[in-house]
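Structure first, then comments.
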Amino acid sequence: MRLFIAIELEPNIKNALLEIQGNMKKAGVTGNYTAIDNTHITLAFIGDYPDPDYVLQTMENVSFKPFNISLKGFGNFGDLWWAGLDNSDELKTLVRSLRHYLSDADIPYDRKKFSPHITLIRKAVCRKGMTGISVPHKTMTVKKITLYRSDRGKHGMIYTELGSV
């Protein structure tokens with residue numbers, strides 16, 4: 001079972017991302033756009049792991065007070081384009097704590113440095129460039145973290161919520 005832990009996005013953030021994707025399409029950008037219902041902020045990618053209940057049990061050790069995050073900036077990792085987030089100490093602390101508990105529980109996860117972003121499109125081809133596309137300032141409150149299962153469907157990835165803390 002392919003698993004990851006993420007922050008689910010509030011509707012105002014999803015609407016802003018949908019607007020950005022619309023502007024990208026108007027600018028002639030083609031590629032594999034992320035379905036809005038699949039947008040999220042990955043905190044820890046676990047990958048194939050057989051025991052989601054154990055992961056949820058481990059996640060219960062992570063405590064945090066609700067905090068705000070805001071969209072900020074736009075960038076890419078090669079042909080993957082993303083919307084960025086404000087530099088949030090609370091978010092960094094949450095990720096550090098979560099990954100600490102995963103390590104202590106011997107739950108494997110991708111140990112790449114955390115780079116907070118929301119994927120907008122993969123395999124992007126932008127013949128005219130991305131000029132004129134901006135990210136509106138939108139804020140949401142993080143109140144929970146969620147464990148998802150990821151399955152490849154006929155028309156892309158299907159993310160199923162397995163539980164939240």
Side-chain angles (χ1 to χ4, degrees), residues 1-10 13-14 16-17 20-21 24 31-125 130 135 138-153 156-165:
M1 184 175 313
R2 197 166 178 244
L3 304 174
F4 66 94
I5 301 168
I7 295 171
E8 184 178 347
L9 302 175
E10 291 180 351
I13 300 291
K14 288 184 177 187
L17 298 174
I20 296 165
Q21 288 179 325
M24 292 171 75
N32 297 334
Y33 282 90
T34 303
I36 287 303
D37 288 339
N38 283 356
T39 55
H40 59 273
I41 302 164
T42 302
L43 305 176
F45 179 77
I46 296 168
D48 288 323
Y49 192 77
D51 193 352
D53 291 333
Y54 183 55
V55 176
L56 279 167
Q57 180 183 5
T58 301
M59 288 169 57
E60 289 176 7
N61 293 315
V62 179
S63 64
F64 65 95
K65 293 180 181 169
F67 63 93
N68 291 333
I69 55 174
S70 300
L71 292 176
K72 182 178 182 181
F74 183 63
N76 67 300
F77 305 128
D79 63 359
L80 181 150
W81 284 82
W82 46 262
L85 298 167
D86 245 347
N87 195 7
S88 164
D89 290 335
E90 294 93 341
L91 181 58
K92 288 178 189 174
T93 299
L94 170 61
V95 170
R96 211 171 17 255
S97 176
L98 171 63
R99 291 179 174 197
H100 167 78
Y101 284 112
L102 292 173
S103 291
D104 283 355
D106 290 324
I107 297 171
Y109 62 92
D110 185 344
R111 293 179 181 267
K112 275 188 254 176
K113 182 181 179 215
F114 178 64
S115 179
H117 67 281
I118 304 164
T119 301
L120 298 169
I121 184 172
R122 288 178 171 80
K123 298 183 182 177
V125 177
M130 296 283 189
V135 174
K138 297 289 180 182
T139 299
M140 66 169 269
T141 303
V142 176
K143 300 174 189 162
K144 66 180 182 172
I145 58 175
T146 302
L147 177 65
Y148 290 94
R149 184 179 83 210
S150 173
D151 298 294
R152 189 166 302 282
M157 298 309 290
I158 299 167
Y159 300 149
T160 305
E161 182 178 332
L162 299 178
S164 297
V165 296

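Hydrogens, waters and symmetry mates are skipped; everything else that's a heavy atom, side chains included, is used.
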Practice task
Using the test side-chain contact (heavy atoms from CB on, under 4.5 Å), find all partners of Arg96 that sit at least two apart in sequence or belong to another chain.
Solution key: Lys92, Thr93
Exercise for the section: To the nearest 0.5 Å, tell me how far Phe114 CZ sits from Arg99 CZ. Expected result: 7.0 Å
Handout entry: Met157 CE to Arg122 CZ distance, which is reported to the nearest 0.5 Å
Key = 8.5 Å
Completion exercise
Rounded to the nearest 0.5 angstrom, the CE-CG distance for Met24 and Leu120 is 5.5 Å
Completion exercise
When rounded to the nearest 0.5 Å, the distance separating CG of Leu3 from CZ of Phe45 is 8.5 Å
Problem - Val142 side chain reached by Leu91 side chain, heavy atoms, under 4.5 Å - result: no
Handout entry: For Lys65, all residues meeting salt bridge (Lys or Arg N to Asp or Glu O under 4.0 Å), sequence neighbours excluded
Key = none
Donor-acceptor pairs under 3.5 Å, side chain of residues 67-79 to any protein atom, not counting sequence neighbours: which ones?
{"from": "Asn68", "atom 1": "OD1", "to": "Thr141", "atom 2": "OG1", "distance (Å)": "2.7"}
{"from": "Ser70", "atom 1": "OG", "to": "Thr139", "atom 2": "OG1", "distance (Å)": "2.7"}
{"from": "Asn76", "atom 1": "ND2", "to": "Gly78", "atom 2": "O", "distance (Å)": "2.7"}

Completion exercise
The side-chain hydrogen bond (donor to acceptor under 3.5 Å, both in side chains) partners of Thr34 (sequence neighbours excluded) come to none
Handout entry: Sequence neighbours excluded - side-chain hydrogen bond (donor to acceptor under 3.5 Å, both in side chains) pairs with any residue from residues 48-61
Key = none
Practice task
Output the distance between atom CD1 (Ile20) and atom CD1 (Ile121), rounded to the nearest 0.5 Å.
Solution key: 12.5 Å
Practice task
State the CG-CG distance between Leu56 and Leu147, to the nearest 0.5 angstrom.
Solution key: 4.5 Å
Exercise for the section: Heavy atoms only: give me the nearest Pro108-Ile46 pair and the separation to one decimal. Expected result: O-CG2, 3.3 Å
Exercise for the section: Taking Asp86 for its side chain and Ser88 for its backbone only, find out whether a donor-acceptor pair lies under 3.5 Å. Expected result: no
Handout entry: Partner residues of Lys143 under the salt bridge (Lys or Arg N to Asp or Glu O under 4.0 Å) criterion, sequence neighbours left out
Key = none
Exercise for the section: Could you tell me which residues satisfy side-chain hydrogen bond (donor to acceptor under 3.5 Å, both in side chains) with His40, sequence neighbours excluded, listed by chain and number? Expected result: Thr42
May I have the list of side-chain donor-acceptor pairs in residues 158-165 shorter than 3.5 Å, sequence neighbours left out?
{"from": "Glu161", "atom 1": "OE2", "to": "Ser164", "atom 2": "OG", "distance (Å)": "3.1"}
{"from": "Ser164", "atom 1": "OG", "to": "Thr146", "atom 2": "OG1", "distance (Å)": "2.8"}

Exercise for the section: Determine, stepwise, if the pair Leu17 / Leu9 fulfils side-chain contact (heavy atoms from CB on, under 4.5 Å). Expected result: CA-CA 10 Å; Leu17 298 174; Leu9 302 175; 3.7 Å; yes
Problem - Validation row: Glu8, Tyr148 side chains within 4.5 angstrom (heavy atoms) - result: yes
Fill in the blank from the handout: Applying side-chain hydrogen bond (donor to acceptor under 3.5 Å, both in side chains) to Asp151 and not counting sequence neighbours gives Arg149
Fill in the blank from the handout: For Arg111, the side-chain contact (heavy atoms from CB on, under 4.5 Å) test, sequence neighbours excluded, returns Ser103, Tyr109
Handout entry: Heavy-atom side-chain contact between Ile36 and Gln21 under 4.5 Å
Key = yes
Practice task
Look at the side chain of Ser97 and the backbone N and O of Leu94, then say whether any donor-acceptor pair between them is shorter than 3.5 Å.
Solution key: no
Problem - Set of residues satisfying side-chain hydrogen bond (donor to acceptor under 3.5 Å, both in side chains) with respect to Lys123, sequence neighbours excluded - result: none
